Amino acid sequence: MTERPSDPRPAPSDTPSPAAPGPATSGPATHGPAAVARRNAAVRAAVAQGLVGPGDPLVALLDVTGIRAGARALHTAFDQVTAPGARVLHTFAVKACPLVAVVRLLRDEGVGAEVASPGELALARVAGTAAAHTVLDSPAKTPAELREALTLGIAVNADGRQELARLDELVDRVGGDDIRALPPLGLRVNPQVGAGSIDALSTATATAKFGVALRDPGARDWVVRAFLDRPWLTRLHVHTGSQGVPLELMAEGVAQTYALAEEVNARAGRQQVDTVDIGGGLPVDFTSDERGPGFEEYARLLAHRVPGLFDGRYGLVTEFGRALVAKHGLVLTRVEYTKSAGGRRIAVTHAGAQIAARTVYAPEQWPLRVASYDAQGLPSTGSVEVQDVAGPACFAGDLLARGRALPLLAPGDHVAALDTGGYAFAHPYAYNSLPRPAVHGFLIEEDGARVRFARVRAAQTISEVVAESGGAYGEGLLF
Ligand SMILES: *Cc1c(COP(=O)(O)O)cnc(C)c1O
């Protein structure tokens, strides 16, 4: 059996993290009244400290306490179901919130990085995530990306047959005769267990583009043979889907992958597959502040459905994204104008498609909660009216919320788009050349009286927008 680091879990960084502070409200830090109290304090302070105002009508905020608490809940959930000393590496799917400071914060909480592009790998490296705590996925890795990963010592999950053939060549070159010189290498499989409620995010349908489709004729035998032929192939990887995929279906995908690992190991006569990477995909509750990230429920379900995976024979890798960040981010914007059309009241704000593209283009699948605050940043108390909350972009569908009952908004009030910490403001969309908003993290001081902000990303300047739009090549088409 190949040598592997005995415990791939990142060591906590040298600076000890302070106990998660929060306002006096008791309860879990990931959700519920404590999270709402922190959010309200942050909005009030953002207005008071001028992070949002007439000249700066849009800002994104991240709740550092909530992110830390979520990471701790993840560790605890799997600690409770794994055998003592089990090798567990939790990684953060960087695509969910590709901001260096967020990857760094999670690293501080002992969470590594799952990356799927050269950009994501680069920012994980800037965040200081160790190679041994980084996993490279992606269905389209180039030869150069594969070579870089192997040279850096980053685990790779091959997505299919052709990629495995590329790895064959590289393994000979990088590892020579000593496969211990190689990082852990695995193969992604698609258990074809079916779709959740959002097709675009269902990665384990019969025809999904990811991994080796396990139920296709001959595929399973091919996979087993591929492992027997390659002693350096030691991991199986599955990611059954994201938002909209029920936990049962995700557990079914993991169960199928575990059964395959057992089959490979029985045929090999040794524990060749020593680690199963179970992906991420935990859905988030976008309807209220009541539910936590659900790591505990999922870990318990997995341990119940697939007990052999937790008895100590296998290492585990997880790759959660949305569940670690979505609930801990919000976008705060000023209401610029209000109007009424055809009897519908409309508040025109600066938050639209550029910070919530999925919500604007697929509102049925990605509804967002919005909260209204007054001109001082205090929760609005006015009479409730049905309103649309519109963004600044020049198309009619640019609405954050449609027909929503909210305290009546007025110019100068504020609107917060909640639960936008994942796959939203960190994924700006350049429609109408709208600049990316600044992102600030916030921390409520121990006594709850003071809110500290730290910059995570500067707002894009207009000259950066021009540069990104080819400002340097303005004469380029005048051949
Ligand atoms: C997107 C993705 C994840 C993270 O999914 P979430 O739904 O954000 O948890 C993990 N692994 C892989 C391979 C992915 O593509």
Side-chain angles (χ1 to χ4, degrees), residues 30 67 70-71 73-74 77-78 89-99 102-103 106 111-117 119-121 124 129 133-141 145 149 154-160 163 186-191 195-205 208-212 235-247 249-251 253-254 257 275-286 292-295 297-299 302 316-329 358 365-366 419-427:
T30 47
I67 295 174
L74 171 61
F78 281 81
L89 172 65
H90 295 296
T91 66
F92 170 56
V94 170
K95 78 166 182 274
C97 190
L99 296 168
V102 170
V103 180
L106 286 166
V111 177
E114 185 264 355
V115 300
S117 71
E120 289 180 2
L121 172 56
T129 305
H133 305 145
T134 305
V135 177
L136 175 65
D137 297 328
S138 146
K141 306 174 199 81
E145 282 179 78
I154 287 167
V156 175
N157 289 313
D159 193 72
E163 193 179 329
L187 179 67
R188 178 166 181 176
V189 292
N190 170 7
S197 63
I198 304 177
D199 278 347
L201 270 67
S202 296
T203 44
T205 61
K209 72 174 179 179
F210 298 104
V212 176
R235 288 186 173 184
L236 277 168
H237 174 219
V238 66
H239 171 67
T240 299
S242 288
Q243 193 69 21
V245 175
L247 294 193
L249 197 62
M250 287 168 48
V254 174
T257 308
T275 299
V276 177
D277 181 336
I278 65 168
L282 205 58
V284 159
D285 175 14
F286 285 103
F295 295 125
E297 183 189 353
Y298 184 45
L302 284 175
L316 277 179
V317 176
T318 74
E319 307 171 340
F320 295 103
R322 180 179 288 106
L324 280 167
V325 288
K327 302 290 287 183
H328 310 306
R358 282 180 169 168
Q365 290 174 328
W366 298 106
D419 309 331
T420 47
Y423 303 99
F425 64 72
H427 298 60

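We count ligands from 1, going down the list as the structure has it; atoms in each ligand are counted the same way. The model shown is predicted, which means the values in this text are computed figures rather than measured ones.
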S.K.: Which atoms of ligand 1 have any heavy atom of G280 under 4.0 Å away?
M.R.: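 Near G280, the atoms of ligand 1 are 9 (O), 10 (C).
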
S.K.: Using a 4.0 Å cut-off to any heavy atom of R322, which atoms of ligand 1 qualify?
M.R.: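 Taking each heavy atom of R322 in turn, ligand 1 has 6 (P), 7 (O), 8 (O), 9 (O) under 4.0 Å.
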
S.K.: If you measure from each heavy atom of G281 to ligand 1, is any distance below 4.0 Å?
M.R.: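 Heavy atoms of G281 do come under 4.0 Å of ligand 1.
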
S.K.: Nearest protein heavy atom to atom 14 (C) of ligand 1, by residue and atom, and its distance?
M.R.: K95 NZ, 2.9 Å

S.K.: Any idea which heavy atoms bring A208 and N190 closest together, and the distance?
M.R.: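 So the two residues come closest at CB-ND2, 3.7 Å.
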
S.K.: Looking only at distances, please establish whether an N/O atom of ligand 1 is found under 3.5 Å from an N/O atom of R188.
M.R.: no

S.K.: Looking only at heavy atoms, what is the nearest atom pair of A155 and R235, with distance?
M.R.: CB-NH1, 3.5 Å

S.K.: Which atom pair, heavy atoms only, marks the closest approach of V115 to T134?
M.R.: CG2-CG2, 4.1 Å

S.K.: Could you check atom 8 (O) of ligand 1 against the protein and tell me its nearest heavy-atom contact, residue, atom and distance included?
M.R.: Y423 OH, 2.5 Å

S.K.: Are any of the N/O atoms in G321 less than 3.5 Å from those in ligand 1?
M.R.: yes

S.K.: Can you give me the closest heavy-atom contact between I198 and Q243, atom names plus distance?
M.R.: CD1-O, 3.7 Å

S.K.: So, do H90 and F78 have ring centers that fall under 6.0 Å from each other?
M.R.: yes

S.K.: Is it the side chain (CB and beyond), the backbone, both or neither of S242 that lies under 4.0 Å from ligand 1, heavy atoms counted?
M.R.: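 Near ligand 1, S242 shows its backbone as well as its side chain.
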
S.K.: Could you grab the distance from atom OG1 of T205 to atom CG of D199, nearest 0.5 Å is fine?
M.R.: 8.0 Å

S.K.: Of all the atoms in ligand 1, which lie at a distance below 4.0 Å from a heavy atom belonging to E319?
M.R.: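 That gives atoms 3 (C), 4 (C), 10 (C), 11 (N), 12 (C), 13 (C) of ligand 1.
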
S.K.: Are E120 and K95 close enough for a salt bridge, meaning some N to O gap below 4.0 Å?
M.R.: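 No, this pair does not count.
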
S.K.: Answer yes or no: does an N/O atom from Q243 fall short of 3.5 Å to an N/O atom of ligand 1?
M.R.: no

S.K.: Polar-atom distance check: D137 versus ligand 1, any N or O pair below 3.5 Å?
M.R.: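 D137 vs ligand 1: no N/O contact under 3.5 Å.
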
S.K.: For residues L247 and P283, report the shortest heavy-atom separation together with the two atoms involved.
M.R.: CD2-CD, 3.8 Å

S.K.: Does even one non-hydrogen atom of F210 get within less than 4.0 Å of ligand 1?
M.R.: no

